[in-house]
Amino acid sequence: MLEDDLNAILAPSAPEPAALTLSDILGESRCNAPWPSGGQVTRLHTQPWEGVSARYFDFSLNDRLRVRLDPEKELLLTFFLEGHVVGHIGDEHGPALDFRLDRMLLRTPNRNGGYLIDIPGSCTHRFVQFRLRRELLPRWLQALGVRIPATQLDEMVDRDDGRILCNTAVTPKLRGCLDRIRSERSDQPAFVPLFHARATELLLCALQDLDELVRPARSATVDAPAAVVAQLRAIIAEAPAHPWTITELARRMGCTATRLQQHVRDAAGVSVYNLLVAQRLELAATLLRETRLGVQAIAAEAGWQCHSRFAAVFRAHHGSTPREYRLRHGKAQKPCA
């Protein structure tokens with residue numbers, strides 16, 4: 001589906017107003033549209049100040065939606081509130097985009113093919129997006145007293161290749177703004193003026209924190225593979241006995257299963273499943289060395305409900321059975337049965 005076809009469903013093909021009026025804030029800027037194949041879409045736009053268009057989208061669709069977004073001249077600043085949308089720069093073979101909960105995605109325009117966005121069906125997706133006139137960005141930052149190195153500012157104002165400049169966890173101040181928008185019900189009449197106020201607050205905080213956000217995250221890649229593996233290990237460590245699936249781990253990480261697999265292979269040279277098994281075996285070996293827990297209890301603690309399966313995997317990895325490993329390496333002299 002092309003973006004023009006999407007907009008034809010969401011709202012009449014009238015240009016957005018050049019200046020904000022009271023009627024824009026109080027009602028004319030919102031559209032609630034039933035989706036042809038089942039579902040509902042809410043779209044709202046407002047203009048917090050000159051050169052800024054703030055948009056709120058709430059999708060609840062029965063089927064997956066793939067949208068082709070044409071190249072834009074504006075700088076795009078996106079905050080996801082609910083769900084998980086993915087995409088690519090250009091076409092499906094281009095660099096991946098991840099729209100993650102409680103992250104700020106800052107993108108320059110892409111004059112070489114636009115973007116291809118995938119919106120999964122059977123769940124709700126909500127996000128806020130700002131389209132910023134790039135030539136006004138230096139003026140806004142100067143007015144707010146924000147200092148950004150000239151080279152970084154030039155890239156944001158002049159770059160046209162769609163490179164991701166920032167995809168980073170938001171600051172506490174921004175998280176508070178997002179929580180306030182997330183807590184409001186978009187089907188209430190008061191949501192329109194509330195969103196205008198919240199969007200103004202959110203953009204103001206984003207610009208004030210822009211240097212802090214861009215500096216550590218400025219990269220052509222969404223995340224370094226090593227950082228992804230470290231975060232994945234931390235998630236597994238929270239509940240090693242949980243019956244993790246790759247899909248669930250990817251959802252917790254805020255990316256696709258395919259992208260997670262690629263990051264893990266790049267950084268660790270193994271699959272996500274093998275990384276999960278290896279981490280569980282590390283835990284089991286630690287418990288065997290340092291505790292008096294029985295082998296069966298250790299197997300369950302490390303994620304194996306079948307004791308014999310655990311013993312076989314452990315032996316294949318360590319070259320000895322769990323009991324033999326404990327006798328050789330254990331600190332406790334009298335292990336429990």
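Just so we're clear, the structure is a prediction, and the values are computed from it rather than from any experiment.
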Aromatic centroids of Tyr56 and Phe191 separated by under 6.0 Å: yes
Main chain of Ile235, side chain of Trp244: is a donor-acceptor contact present, judged purely on distance under 3.5 Å? no
Here the pair of heavy atoms bringing His318 nearest to Tyr325 is ND1-CE1, 3.9 Å
Do other residues, nucleotides or ligands put more than 12 heavy atoms under 6.0 Å from Gln142 CD? no
Treating Arg280 as the side-chain partner and Pro240 as the backbone partner, does any N or O pair qualify as donor plus acceptor under 3.5 Å? yes
Without swapping roles, check the side chain of Arg289 against the backbone of His329 for a donor-acceptor pair under 3.5 Å. no
Exercise: do His242 and Glu248 side chains pair donor with acceptor under 3.5 Å: yes
Nearest 0.5 angstrom please: Asp58 CG to Thr124 OG1, how far? 6.5 Å
Does CZ in Arg180 sit with more than 12 non-hydrogen atoms of other residues, nucleotides or ligands closer than 6.0 Å? yes
If I take atom CG from residue Leu275 and atom CD1 from residue Ile236, how far apart are they, to the nearest 0.5 angstrom? 5.5 Å
Can you confirm whether more than 12 heavy atoms, excluding those of Gln296, are under 6.0 Å from its CD atom? no
Counting only N and O atoms by type, is there a donor-acceptor contact under 3.5 Å from the side chain of Arg133 to the main-chain atoms of Gly51? no
Is there a path of hydrophobic side-chain contacts, each under 4.5 Å between heavy atoms of I, L, V, M, F, W or Y residues, that connects Leu116 with Phe57? no
In Å and rounded to the nearest 0.5 Å, what is the CZ to CG distance from Arg265 to Asn274? 7.5 Å
Exam field: side chain Gln261 to backbone Val272, donor-acceptor pair closer than 3.5 Å: yes
Any chance CD of Glu301 has more than 12 other-residue heavy atoms, nucleotides or ligands included, within less than 6.0 Å? no
Pair Gln129, Arg131: side-chain N/O donor-acceptor within cut-off below 3.5 Å: yes
Can you measure from NE2 (His45) to CZ (Phe195) and round to the nearest 0.5 angstrom? 10.5 Å
What is the minimum heavy-atom distance between Ala206 and Leu174, and which atoms define it? N-CD2, 3.5 Å
What residues, two or more places apart in sequence or in another chain, satisfy side-chain hydrogen bond (donor to acceptor under 3.5 Å, both in side chains) together with Thr200? none
Leu194-Ile181 co-clustered via ILVMFWY side chain contacts under 4.5 Å: no
Looking only at heavy atoms, which two atoms of Gln279 and Ala237 are closest? And how far apart? NE2-N, 3.5 Å
So which heavy atom on Asp179 is nearest to which on Arg182, and how close? OD1-NH1, 2.6 Å
Between Leu281 and Trp304, is a side chain to side chain contact (heavy atoms under 4.5 Å, CB included) present by the stated rule, with each step listed? CA-CA 10 Å; Leu281 287 172; Trp304 277 274; 3.8 Å; yes
Where do Val295 and Phe310 land on the side chain to side chain contact (heavy atoms under 4.5 Å, CB included) test, with the steps shown first? CA-CA 9 Å; Val295 174; Phe310 164 68; 4.0 Å; yes
Between Ser186 and Thr42, is there a side-chain donor-acceptor contact under 3.5 Å, judged purely by atom types and distance? no
d(Leu207 CG, Trp140 CH2) to nearest 0.5 Å is 7.5 Å
Sorted by chain and residue number, the ring-ring contact (aromatic ring centres under 6.0 Å, His included) partners of Phe79 (sequence neighbours excluded) come out as none
Side chain to side chain contact (heavy atoms under 4.5 Å, CB included) assessment of Ile298 paired with Arg326: CA-CA 12 Å; Ile298 289 175; Arg326 169 172 268 167; 3.5 Å; yes
Are the side chain of Arg134 and the backbone of Lys73 linked by a donor-acceptor contact shorter than 3.5 Å? yes
Working for salt bridge (charged side-chain N to carboxylate O under 4.0 Å, His left out), residues Glu74 and Arg107: CA-CA 9 Å; Glu74 297 95 348; Arg107 303 201 310 279; over 6 Å; no
Salt-bridged, Arg315 to Glu324, with N to O below 4.0 Å? no
Test Arg139 against Glu50 for side chain to side chain contact (heavy atoms under 4.5 Å, CB included), laying out the working first. CA-CA 11 Å; Arg139 185 196 308 175; Glu50 179 193 4; 3.8 Å; yes
Mind listing the closest non-hydrogen atom pair of Thr46 and Pro48 along with its distance? O-CD, 3.6 Å
Nearest heavy atoms of Met156 and Ile148, plus distance in Å: CE-CD1, 4.1 Å
Interatomic spacing from CG in Leu144 to CG in Leu210 - rounded to 0.5 Å: 10.0 Å
Expected output: side-chain Arg126 to main-chain Glu82 donor-acceptor under 3.5 Å: no
